[in-house]
Amino acid sequence: MRTPKASLYQETRYPSEEYPGAFPISVQFYFDRKRVFASTGITLTPKDFEIVTKGNPRTFELKGIKADLEDRLFKANSIIQELKGNFTLRKAKKLYQDTSYQTDKNSIFTAFDSYIGKLEGNGQIKTSDGYKNAKNSLEKFAPGLTVSDVTIDFLEAYEDWMLNENGKSITTLGIYLRYLRRVLNMAIEAELITRKSYPFGKGKYIIPTGRNVKKALTKDQVLAIKNVKTVPGSPSDRAKDFFLFSYLSNGINFKDIAKLKNENIKGNQIHFIRAKTIRTRR
């Protein structure tokens, strides 16, 4: 199924004459293997563009630009939402360039789309897929849901619908609600709702959690895997090697193993940053 997308794009083929080393930023609409660009009027160096879109700006100027670009991307995703089922690149660009067009910032689904676009721009495809699943579930339960509609009563009703009518697990419910909570935190940052209206937390709605039963292998089971006879160089032989390497490296994630390079070896130790935490602030 073809799905239109919006993202921020830096055109490095056309350097700014006014600001050396800077390049123009556009909003890109992508659909059916084609794309159109709408200028934002903002120019940045590639380094500042990466800080604004993927990092945490420290100067007031870059913080202001980050907020401006996020508003523009929000508008683009609002247009995609509005044209749903009747989308064309021409219509999207025309609406975007219409200065009188007002975005529905209260739509929870537009907020989801905006954050999903940001995740995809950062290459966090697996995480963005999770947000898409949560959005689709919420949209099925409550089409037209707004930020202010997400109350304690709404969350309790959604929980009942997920568990009793759809047969979903508590684990799935918890994942979707954590994604929703993240989007609501963004709404607070954008001053769409107040902290007082926030429905999550102590004395309010608590996201349910399933039991996390740890099932560790015994020493004999690990040795049995080690002693399995495999054909050298075969897929099963490589699988066994990866498992044993992970086990002997304190449970290193397989994605992190795949990203290891020779320079990660420091003497008799392996130094690396986990892919799971590389985008955290600390």
With distance as the sole test, does D149 use its side chain to make a donor-acceptor pair with the main-chain N or O of T146 at under 3.5 Å?
yes
Is the shortest heavy-atom distance from the side chain of L177 to the side chain of P208 under 4.5 Å?
yes
Give, for atom CD1 of I80 and atom NZ of K91, the distance between the pair rounded to the nearest 0.5 Å.
14.0 Å
Side chain to side chain contact (heavy atoms under 4.5 Å, CB included), that's the test. Do L83 and L95 meet it? Break it down for me.
CA-CA 10 Å; L83 294 176; L95 268 181; 4.1 Å; yes
Is a salt bridge present between D68 and R72, judged by a nitrogen-to-oxygen distance below 4.0 Å?
yes
Within this structure, what is the OG-CG distance for the pair S249 and L244, rounded to the nearest 0.5 Å?
10.0 Å
Short side-chain to backbone donor-acceptor contact, K75 and Y96, under 3.5 Å
yes
Flag the pair N133 / Y179 as yes when at least one side-chain heavy-atom distance between them is below 4.5 Å, and no otherwise.
no
So how far is it from L44 CG to L62 CG, rounded to the nearest 0.5 Å?
7.0 Å
Find the distance between NZ (K63) and CG (N56) and round it off to the nearest 0.5 Å.
9.0 Å
Please examine the side chains of I207 and R181, heavy atoms only from C-beta on, and report whether any two atoms are closer than 4.5 Å.
yes
Decide if atom NZ of K5 counts as having more than 12 heavy atoms of other residues, nucleotides or ligands within a radius under 6.0 Å.
no
Please confirm whether the backbone N or O of F74 pairs with a side-chain atom of S78, one donor and one acceptor, at under 3.5 Å?
yes
Side-chain touch E70/L73, heavy atoms, less than 4.5 angstrom
no
Do L223 and K219 come within less than 4.5 Å of each other through their side chains, counting heavy atoms only?
yes
Check: R178 side chain, G174 main-chain N or O, donor-acceptor pair, under 3.5 Å
yes
Report the C-alpha distance between L180 and F112 in whole Å, list the side-chain angles of each, state the deciding distance to 0.1 Å, and finish with yes or no for side chain to side chain contact (heavy atoms under 4.5 Å, CB included).
CA-CA 8 Å; L180 175 60; F112 261 97; 4.0 Å; yes
If you compare all heavy atoms of V52 against all heavy atoms of K66, which two are closest, and at what distance to 0.1 Å?
O-NZ, 3.0 Å
Work out which heavy atom in N77 is nearest to a heavy atom in T110; give both atom names and the distance.
C-CG2, 4.3 Å
Between the main-chain N or O of K261 and the side-chain N or O of N264, is there a donor-acceptor pair closer than 3.5 Å?
yes
Yes or no on side chain to side chain contact (heavy atoms under 4.5 Å, CB included) for T209 and I170, after CA distance, side-chain angles and deciding distance?
CA-CA 6 Å; T209 56; I170 288 180; 5.6 Å; no
Do V222 and I225 come close enough that some side-chain heavy atom pair is under 4.5 Å?
no
CD/E263: more than 12 non-hydrogen atoms of other groups inside 6.0 Å
yes
Would I206 end up clustered with I152 when hydrophobic side chains under 4.5 Å apart are linked, directly or stepwise?
no
Spell out, as yes or no, whether a donor-acceptor pair under 3.5 Å connects the side chain of Q97 to the backbone of A38.
no
Determine the minimum heavy-atom distance between A76 and V27, stating which atoms define it.
CB-CG1, 3.7 Å
Would you give the length of the straight line joining atom OH of Y115 to atom CE of M186, rounded to the nearest 0.5 angstrom?
6.5 Å
Okay, side chain of N166, backbone of K168: is any donor-acceptor separation there less than 3.5 Å?
no
Indicate, with yes or no, if I42 and V36 share a hydrophobic cluster defined by side-chain heavy-atom contacts under 4.5 Å among Ile, Leu, Val, Met, Phe, Trp and Tyr.
yes
Answer yes or no: does atom CD of E11 have more than 12 heavy-atom neighbours from other residues, nucleotides or ligands under 6.0 Å?
yes
Here the pair of heavy atoms bringing T151 nearest to P199 is C-CB, 3.8 Å
What heavy-atom pair brings L69 and I25 nearest, and what distance separates the two atoms?
CD2-CG2, 4.1 Å
Could you check V150 against L184 for side chain to side chain contact (heavy atoms under 4.5 Å, CB included), going step by step and ending with a plain yes or no?
CA-CA 9 Å; V150 184; L184 280 187; 3.6 Å; yes
Does atom CD of Q221 have more than 12 heavy-atom neighbours from other groups under 6.0 Å away?
yes
Qualifying ring pair (Phe, Tyr, Trp, His ring centres under 6.0 Å) pairs with a residue from residues 9-44, counting only residues at least two apart or across chains:
Y9-F37, F31-F87
Short side-chain to backbone donor-acceptor contact, S26 and Q28, under 3.5 Å
no
Heavy-atom side-chain contact between R274 and N253 under 4.5 Å
no
Would you indicate whether K132, at its atom NZ, is surrounded by more than 12 heavy atoms from other residues, nucleotides or ligands within a distance under 6.0 Å?
yes
What pairs of residues pass the ring pair (Phe, Tyr, Trp, His ring centres under 6.0 Å) test when at least one of them lies in residues 218-276, not counting sequence neighbours?
none
What's the separation between atom CG in N227 and atom NZ in K240, rounded to the nearest 0.5 Å?
7.5 Å
So, F154 versus F141, ring centres under 6.0 angstrom or not?
yes
Smallest heavy-atom separation, V231 atom then D237 atom, equals O-CB, 3.2 Å
Taking side chain as C-beta onward, heavy atoms only, is F200 less than 4.5 Å from N185?
no
Are more than 12 heavy atoms, taken from residues, nucleotides or ligands other than K204, located less than 6.0 Å from that residue's NZ atom?
yes
